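Contents: one structure, followed by commentary.
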Amino acid sequence: MPELPEVETIKNELSPQIIGRRFTGITVCDAKLVRQPSVEEFRQKLTGEKIISLKRRGKYLIFHLSGTTMLIIHLKMAGALLLNPEQANHHTRVIFHLDNGSQLIFTDRRRLGAIWLVENELTITGKLGPEPLTPEFTAESLAKRLQSHKAPIKAVLLDQAFIAGIGNMYADEALFAARIHPLRKANSLSSQEIRSLHKAIVDVLRSAIDSRGASVDTYKLPDGELGTAHSNFSVAHRGGKLCPICGTSIQRLAIRNRGSYFCPNCQKL
DNA sequence: CTTGGGACCTGGCTGC
DNA sequence: TGCAGCCAGGTCCCAA
């Protein structure tokens, strides 16, 4: 599932391949994924545009273009961006043709992904909370903002308006690393626990980026390779397996209809 | 404002 | 063997 480390990795590995290239044509195989504007307008406006830079905000990929618009892509659950894949993929939704003959292919088995072409990126990303890997994200700012939330800490970490980029896997991993039960009310954490959580969030995300993301389910890098961050997971996607610290069986709990994995011994309520 | 539940979407897996 | 139903989860929408 693409979360912050996966989208960051895609951005890093795609950038040198596509910066400076121009779109020579767009093939839309599944109109559902093009959210804005109409498919026809999308194709017309994007064709001929040059890619100036590639950025990430939360889990969104943002292509800055030579004209006044920008291309924004969200991979949601099962999306991937593949550059010149060797095999045809029957989940291909959109093909971006580049002026060096390359094809950038958006595949998405579950059709949940989304693409926009907008004048102002804030119409899409404006509601996002702080980026966890920037200096603005401190233990102090985290503590202050947690005070007004009494929902389970797991639910608050998944709220993109509270903090951008954390998804189900890395929320579970960060809470485990900080030894915090996912059902703890956000405003009940001690300042020591908040410092641990802040460090855990940063460590978990940085470590996953170092491993080029986690390839659970369908996540692939633009060159078709897999990330390895999932092999370092302690609890995420490890229901019934043993806690690497104490050997207790990892439990699953549904929070906001999301599977939450934790160690009942290391993360007590 | 915060919160929590359902919907979207497809495919792999499980159990009868 | 077939098939119903669960599970995976990022985000939007709506109701309380």
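In the text below, chain A, chain B and the rest are named by the order of the sequence lines, each starting its count at 1. All values derive from a computational prediction rather than experimental measurement. Note that these values count all heavy atoms, side chains included, but never hydrogens, waters or copies made by symmetry.
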Fill in: Whole-Å gap separating P (B:dT2) and CG (A:Asp159)
8 Å

Worksheet item: Any donor-acceptor pair under 3.5 Å between the side chain of A:Arg258 and the base of C:dA8?
Response: no

Discussion item. If I take atom NZ in residue A:Lys154 and atom P in nucleotide C:dG9, what distance separates them, rounded to the nearest angstrom?
Written reply: 8 Å

Practice prompt. Scan side-chain atoms only and decide if A:Asp99 and A:Thr24 contain a donor-acceptor pair under the 3.5 Å cut-off.
Written response: no

Discussion item. Is the phosphate of B:dG11 approached by A:His91 (side-chain N or O, under 4.0 Å from OP1 or OP2)?
Written reply: yes

Worksheet item: If you look at every strand shown and take non-hydrogen atoms under 4.0 Å, does A:Tyr60 touch a base, only sugar-phosphate, or nothing?
Response: sugar-phosphate

Worksheet item: For C:dG9, does OP1 or OP2 lie under 4.0 Å from any side-chain N or O of A:Tyr170?
Response: no

Worksheet item: Considering only C:dG9, C:dG10, B:dG11, which nucleotide approaches the side chain of A:His74 most closely?
Response: C:dG10

Discussion item. Is it true that A:Ser231 and A:Thr228 share a donor-acceptor pair across their side chains at a distance under 3.5 Å?
Written reply: no

Practice prompt. Select base, sugar-phosphate, or nothing to describe what A:Asn168 touches, counting heavy atoms under 4.0 Å on all strands.
Written response: sugar-phosphate

Fill in: Side chain of A:Pro152 (C-beta onward), nearest among B:dG4, C:dT11, B:dC8
B:dG4

Worksheet entry | Candidate nucleotides C:dA8, C:dT11, B:dT10, ranked by approach to the side chain of A:Tyr261 - the nearest | C:dA8

Worksheet item: Without hydrogens or angle criteria, can the side chains of A:Thr138 and A:His198 be said to hold a donor-acceptor pair below 3.5 Å?
Response: no

Discussion item. Under a 3.5 Å threshold, yes or no: a donor from one side chain and an acceptor from the other, between A:Thr69 and A:Glu119?
Written reply: no

Worksheet entry | Of the listed nucleotides B:dG11, B:dA7, B:dG4, the one nearest the side chain of A:Ala151 | B:dG4

